[in-house]
Amino acid sequence: MTSSRPSSSDDSSFDLLHPSIQRWVWSKGWTSLRDAQERAIKPILEGQRDLIIAAATAAGKTEAAFLPILTRIANAGEESALAIYTSPLKALINDQWGRLEQLCESLEIPVIPWHGDISQSRKQRFLRHPRGVLLITPESLEAIFVRRGSEAPRLFAEVMYVVVDELHAFIGTERGKQMQSLLHRMEHAATKRIPRIGLSATLGDMNLAAAYLRPGSPSSVDLIVSKAGNQDLRVQVRGYLSPAVIEDPENDSEGEDRLLGAEYAIADHLYNVLRGSNNLVFPNSRKKVEFYTDALRRKCESDSVPVEFWPHHGCLSRSIREETEKALKAGDRPATAVCTTTLELGIDIGAVKTVAQIGPGPSVASIRQRLGRSGRRPGEPAILRSYNIEQSLTDRSSFSDRLRESLVQSIAMIRLLLRGWYEPPNAAGLHLSTLVQQILSVIAERGGAHAGPLYRLFVLEGPFGGLTQPEFGELLRGLGLKDLITQDRTGLLLLGQTGEQLVGSHDFYAAFTSEDEWQIVCQGQTIGTLPISSPIFVGMRLIFAGRRWLATSVEDEALIVCVVADPGGMPPSFGGSRASTHDVVRSEMRSVLATADQVGFLDQTANALLAEARRQYADLNLSSEIVLRSGEAISLFTWRGDPTNDALVLILRGLGIERVENEGIYLIVEKYGIDRLHDALTDIAELTDVDYMRLLTDVFNMRRSKWDWALPDSLLKQSFASLHLSFSGARTAARELVSGTRR
DNA sequence: GACCTGCTGCGGGGTG
C-alpha cells in the first residue's frame, strides 16, 4: 500500500468513485489515475450519453470504463443492476474476466463470462439472477435472442451500460453490422435507451466511430481521446532481386531453389538481425508463415543454437498458438513469432523490438496496427523492416514487374504511414446478408413478426438505413421463395421449413461464413486445420506448424489427415484472394515513380530497383500517357484503387468487352480495337449509377457473404457494389481514359 | 493470388 493517493486536477472525479473501488485503486499502488480514466468518470456516472474512449493499449481503457460503471452498480445495492461487455474474441473475455473478478470481489458484484467454452451451469446461474457484469461475444448474444427470445425483455430490462471493446474491429464489417443490430434489439427488448461505451486503441476517424456506435445520432457520442506519446519510428526498406525464371521449367532442376533464392536470402537476414530479441515477422500469408518458420528453424538447428522462431496463424491449433504466445510473453529467452493478422489483435504478448514486413502488407492501417507492438518501452523506437522481392526483367516482363510494383507499393505505404494517413473503414456497406440473418433471428425471437414492424425496427429506426420500403418487400418475398420464411393468413411472417432448419443449426449465430476443414492429426493430437479446398493425399509431404510431415492416412468422411514427422515437404496452399488496395495508395505509388526525390530509408538494392522503375516510368512516358498498346493488348493505367478498377472491369464486361482484367495499377484489355474501347469508355463516363447496376453481370461471383444466396439479384448486386465497388471512381477514371483512347 | 473471428440443446453416461 502506498501513502500517496490518486488525485485529479480538480481533485473531484476520483472522490465520486465507490469507496471500495477507491480502496482497490490504492491497493494497486497507483499514484494517479491515467488521463482517460480520470476523464471517463463523470460522463459515465451521469449515465445519459454514449462515449468512446480512445487510448493506447496499455493506458487502462477497461478500468476507465469499469471504475465508474461498477460504482453505479454498487450504488444500486440490492437491485439487479447489470452491465454488458462485448468483445470480438473469447480470449479477450477470459483476460478481462480475470481482471474484473479481482476488482469486483470486495464489491460482491458477480462477473459472468459467456461464450462457447463456458459451461451451461454457469450460464444457467446467470439466467436465474441476471445481475453484475456479463462478458459476452456477439454470437452468444445472438444465441440468447434466438433461443430465449421470450426472456429477452426480462434479461435486458436492467442493463445500465453496454461496453463494446475493440470497436475498430467491428466498424465496416459483417460482424460489426450484426453487433449494431443486436445493440438496437437489446434496447428494443428493454424498452429504453442504453448508453453505449466504445473502447479502442486504433480509431482513426472519430466521426466514423461515433456514427458506428450510435447510428443516426452520432452527436450523442462523447469522445475521450488520450493523445499518444510521439513515438520515434525507424524504417528500412530492403530490395531483393530474384533470378529470371527459366523458360523451360521441365529442364530446370534447380527451378524451385532458384525461385526461392530471394526468400532464403531474406530468411538469412532475418536470422542475423532478429536473433537475441523479441520480434514479429509478417509474411502476408499462412503459406509463407510456414515457409519462413521452417527455414529459420532449420538454420537454428544447423548452427546448433536454440530455436527462437515460432509460427502463429488461424489454422494452427489453440495449443500451438498458445505455445508461441507464451514464448513471446515469457521474457526469459528471446522469441520471434512468424505470424498473420492473428497477432495484430489485442492478445497480450508484451513489447517487441522489430516488426518485419515481407511484401507490402495488406493495408496502411494494418501496418500501423502491427507497429503498435514495437517500441512500447519508454526511450525505445519502433522499428519497421520491410523486405521486397522483385523479378529479374526479360523482354517479356509485365508492366507490373518493370515498374517494380511491390517495392513501390511498400515505399508508398510507408510514406503514407509516416504522414499519418491510413485507409478509412468502409461504413457505406449495406450488409444485406446480415439483414437476412437478423430478420430470421427476430422472427425466431418473437415467434413471428409482421413486415411493417420489421421495416421500422431495422431500417427506419435501426442500423440498416438506405433501403426503400419496396426494396424491403422484395427482400422478404425473396426469402419466401427460398422457403426461409412464410406468411400465415393474418400476414404474420413465420420461419419456413428451410428457415427453421437453418436457424436451429449451430452455425446460425455467426454473421460470417465458415468452410469445412481437414483436421491435421499427429498421434491423436490435432495440430491444426487446412481448408477443404486444399488437395490432400496419402504420401503427401507438407510443412505445417513450422515442421515437416508425411500424410500417412486420410479419412474422407471424418475429414481427418494423419501425419508423422518426415524430413521432406512444402508448405500447403491455404487459398484466398487478393487484398484490396485503396485509391490513395495507388496514387501515392504514382507519385513515388513520377518524382526524382531521394527516399531516405532504402538499402542499396532497393535504391537501384527504384531508380530502374523510375527510368521505366519515364521511358514509357507514363506521366502523360495512360493508355499503352502492345500487340493485341491495351493497358489502361488508372492509378486507382481496386474498388474503382473492379467496377470498371465489371461495367466494361457488361458492355460486351469481356477480355478485361484488373492487374493492379492498370487494366489489361485483349482482342478489342481501340475504337470499340473508346466508345465503351465514353458510355461509362456518361451513365448513372443505376445504369451501372443494370450492367453488372457475373452475379455468381458476387455471392461472398453468408446469406447472399437468399437475396434477389438486384439486391445482391446492390449489396455487393456497396461493399466492393466505386462507381464514382469508375466514372472519373473513364473520363480520363476517354481522352487517352481518342485516335 | 490476404487475413481473422464464433456457436445450442439434448441425450447418454459417469460421479457424488
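In the text below, chain A, chain B and the rest are named by the order of the sequence lines, each starting its count at 1.
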Aromatic contact, A:Phe309 with A:Tyr292 (centres under 6.0 Å):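 For A:Phe309 and A:Tyr292, the ring centres are not under 6.0 Å apart.
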
Map A:Thr341 and A:Thr137 onto DNA chain B by nearest heavy atom, then report which one ends up closer to the 5' terminus.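 The 5'-side residue here is A:Thr341.
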
[X] [atom1] to [N] [atom2]: how many Å, rounded?
X	N	atom1	atom2	result
A:Arg370	B:dC3	CZ	C1'	8 Å
A:Asp507	B:dT5	CG	P	17 Å
A:Leu89	B:dC4	CG	C1'	9 Å
A:His312	B:dC3	NE2	P	15 Å
A:Phe574	B:dA2	CZ	P	11 Å
A:Glu517	B:dG6	CD	P	13 Å
A:Gln357	B:dC3	CD	C1'	12 Å

Pairwise salt bridge (charged side-chain N to carboxylate O under 4.0 Å, His left out) hits with a residue in residues 176-186 of chain A, at least two apart: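 Sorted result for residues 176-186 of chain A: A:Glu142-A:Arg185, A:Arg185-A:Glu445.
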
For B:dT5 and A:Arg321 - does any side-chain N or O of the residue sit under 4.0 Å from the phosphate oxygens OP1/OP2?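 Checking B:dT5 against A:Arg321, a side-chain N or O does come within under 4.0 Å of OP1 or OP2.
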
Contacts of type salt bridge (charged side-chain N to carboxylate O under 4.0 Å, His left out), residue A:Arg147, not counting sequence neighbours: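 Per chain and number, A:Arg147 pairs via salt bridge (charged side-chain N to carboxylate O under 4.0 Å, His left out) with no residue.
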
Would you call the rings of A:Phe291 and A:Tyr264 parallel, tilted or perpendicular, where under 30° means parallel and over 60° means perpendicular?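 Ring orientation of A:Phe291 relative to A:Tyr264: tilted.
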
For the residue pair A:Phe544 and A:His313, does the interplanar ring angle fall in the parallel (under 30°), tilted (30 to 60°) or perpendicular (over 60°) class?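 Correct class here is perpendicular.
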
Can you tell me which nucleotide in B:dT5, B:dG6, B:dC3 comes closest to the side chain of A:Thr342?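 Nearest to the side-chain atoms of A:Thr342, counting from C-beta on, is B:dT5.
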
Within residues 433-441 of chain A, find the residues that approach DNA chain B with a heavy atom at under 4.0 Å, and present them sorted by residue number.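 Hits under 4.0 Å, by residue number: none.
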
Give the residues of residues 283-294 of chain A touching DNA chain B, defined as any heavy atom closer than 4.0 Å, sorted by residue number.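 Within this stretch, A:Asn284, A:Ser285, A:Arg286 sit under 4.0 Å of the strand.
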
I'd like to know whether NZ of A:Lys326 has more than 12 heavy-atom contacts from other residues, nucleotides or ligands below 6.0 angstrom.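 It does not: A:Lys326 NZ has 12 such atoms or fewer within range.
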
Around atom CD of A:Gln124, are there more than 12 heavy atoms of other residues, nucleotides or ligands at under 6.0 Å?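 Yes, enclosed.
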
Assess A:Arg704 against A:Trp709: is NZ or CZ under 6.0 Å from the centre of the six-membered ring, and within 45 degrees of the ring's axis?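 No.
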
Please determine if A:Arg370 forms a cation-pi arrangement with A:Phe282, meaning its NZ or CZ atom is less than 6.0 Å from the six-membered ring centre and no more than 45° off the ring axis.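 Checked: cation-pi criterion met.
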
Counting the atoms with a prime plus P, OP1 and OP2 as sugar-phosphate, which does A:Pro362 contact under 4.0 Å by heavy atoms, base, sugar-phosphate, or nothing?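 Base contact.
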
For A:Arg318, which contact category applies under a 4.0 Å heavy-atom criterion: base, sugar-phosphate, or nothing?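 Contact class for A:Arg318: none.
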
Is any NZ, NE, NH1 or NH2 atom of the basic residue among A:Glu139 and A:Arg175 found under 4.0 Å from an Asp or Glu carboxylate oxygen of the other?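 Yes, this pair counts.
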
Who are the side-chain contact (heavy atoms from CB on, under 4.5 Å) partners of A:Glu663, not counting sequence neighbours?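 If we apply the side-chain contact (heavy atoms from CB on, under 4.5 Å) test to A:Glu663, skipping adjacent residues, the hits are A:Glu661, A:Tyr666, A:Ile668.
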
Between protein and nucleic acid, restricted to nucleotides 8-11 of chain B and to nitrogen or oxygen atoms under 3.5 Å apart, what atom pairs and distances do you find?
from  : atom 1 : to       : atom 2 : distance (Å)
B:dT8 : O4'    : A:Tyr509 : OH     : 3.3
B:dG9 : OP1    : A:Arg148 : NH2    : 3.3
B:dG9 : OP2    : A:Arg148 : NH2    : 3.4

